[in-house]
Amino acid sequence: MGRKRSPRQRLLDTTAVVYRLHGHMLQQAAVGEAVADGDVLVQVFVRMEYLRGVILNLVEIAHQEVSRSATSHRTDPVDGNSPSDDRCRAFPQ
Amino acid sequence: VSTDLGQKTAQQPATRADLARQLLARVDRLAPRLADVTLAAEIQLLKRDLVRGHVILSARPEDNNYLSVVTLVEGALGSLTWKAYTPGVLDALRRAFAAGTGEGEFTFEAYDAVRRDFRASGIPTGPTIDLTSSVAEAEDEDGPQA
């Protein structure tokens, strides 16, 4: 009996990871086909950088939402007072 | 798609500065090919050099933030087709690579400056979530809400 060969290991670079996770259907298929005969490896560094990208984008979305919210509520449409004026009214000195 | 990171070649740069200069030279080769299909092949060569940069940069902790720049560029290139390359994109790539040509530690602030420059230049810096499209897609899947 022949020795059982372990599957080939395929190391994906960052671009291939982006193709696989976010690419066009054809890009995803191309990566899937390229790694079909082996185990897929992704460097820990690349994984962490990907996560950092996700987190930074979430932070920036939150920041943009806060800025947008502050801009839209800066002027009260009824009496023209700012939110800080409202706080002063709610908590009189 | 897959690359043997351990593969050595005669042009393998020895330091971060060498790598940065090599990457800058690659970007200069892209410029005359903009809007031409031969650009795609040059981009593949740039990606190959970027992948080889992992070996050099991961060996020195003080270069790890430049390795983050390399990974950032790799991710950005993965999101761009060759038709999307403009002089502005190439300028942003030059600024990113040029930051690594100096000596000494490459700081997180330098990396963050590159990331912000990419965003300002309209280059994708990672997976993004479009809140407006998510709402539209959810409505398409679930049907209009009463």
Side-chain angles (χ1 to χ4, degrees), chain A residues 5-74, chain B residues 1-7 40 43-61 63-84 108 111-112 114-116 118-120 123-134:
Chain A
R5 297 180 66 181
S6 57
R8 298 181 70 173
Q9 293 187 328
R10 302 287 189 182
L11 184 64
L12 291 193
D13 64 17
T14 316
T15 304
V17 171
V18 172
Y19 285 166
R20 186 73 182 90
L21 297 179
H22 304 284
H24 184 274
M25 194 170 57
L26 294 175
Q27 291 173 326
Q28 293 185 9
V31 176
E33 187 180 336
V35 301
D37 64 340
D39 289 339
V40 178
L41 301 177
V42 178
Q43 285 180 310
V44 173
F45 192 89
V46 172
R47 290 170 186 260
M48 293 300 108
E49 288 298 313
Y50 178 86
L51 282 177
R52 173 150 72 174
V54 172
I55 292 166
L56 284 173
N57 279 317
L58 285 173
V59 169
E60 285 177 0
I61 286 173
H63 184 70
Q64 286 168 6
E65 286 299 309
V66 168
S67 300
R68 190 177 304 153
S69 174
T71 306
S72 63
H73 292 99
R74 188 162 293 151
Chain B
V1 172
S2 62
T3 307
D4 180 3
L5 294 184
Q7 187 181 359
I43 293 169
Q44 290 305 318
L45 294 175
L46 171 61
K47 286 178 182 173
R48 185 191 64 180
D49 286 349
L50 286 166
V51 170
R52 287 177 177 166
H54 282 250
V55 180
I56 303 151
L57 299 173
S58 60
R60 285 166 43 99
D63 289 339
N64 271 193
N65 283 309
Y66 196 67
L67 181 53
S68 295
V69 171
V70 166
T71 309
L72 184 77
V73 172
E74 286 178 327
L77 299 192
S79 304
L80 293 172
T81 61
W82 67 269
K83 290 179 181 176
F108 174 79
Y111 158 77
D112 200 43
V114 171
R115 193 184 66 82
R116 289 174 189 277
F118 271 30
R119 281 191 70 85
I123 299 174
T125 56
T128 54
I129 300 165
D130 187 347
L131 294 176
T132 53
S133 72
S134 300

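Per chain, numbering begins at 1; letters A, B, ... match sequence-line order.
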- line: Applying a strict 4.5 Å limit to non-hydrogen atoms, the region of A/L41 in contact with chain B is neither

- prompt: Checking A/Q64 against chain B: side chain, backbone, both or neither under 4.5 Å from a heavy atom?
  reply: side chain

query: A/L51 versus A/R47: any side-chain heavy-atom pair under 4.5 Å?
result: no

- prompt: So which part of A/R52 gets closer than 4.5 Å to some heavy atom of chain B, the side chain, the backbone, both or neither?
  reply: side chain

query: If every non-hydrogen atom of B/T125 is compared with every non-hydrogen atom of A/N57, which pair is closest and at what distance?
result: OG1-OD1, 4.2 Å

field: Flag side-chain contact, heavy atom, 4.5 Å: A/Q43 against A/T14
entry: no

query: Is a side-chain N or O of B/E74 found less than 3.5 angstrom from the main chain of A/T15, in a donor-acceptor match?
result: no

- prompt: Under a 4.5 Å heavy-atom cut-off, does chain A meet the side chain of B/L67, its backbone, both or neither?
  reply: both

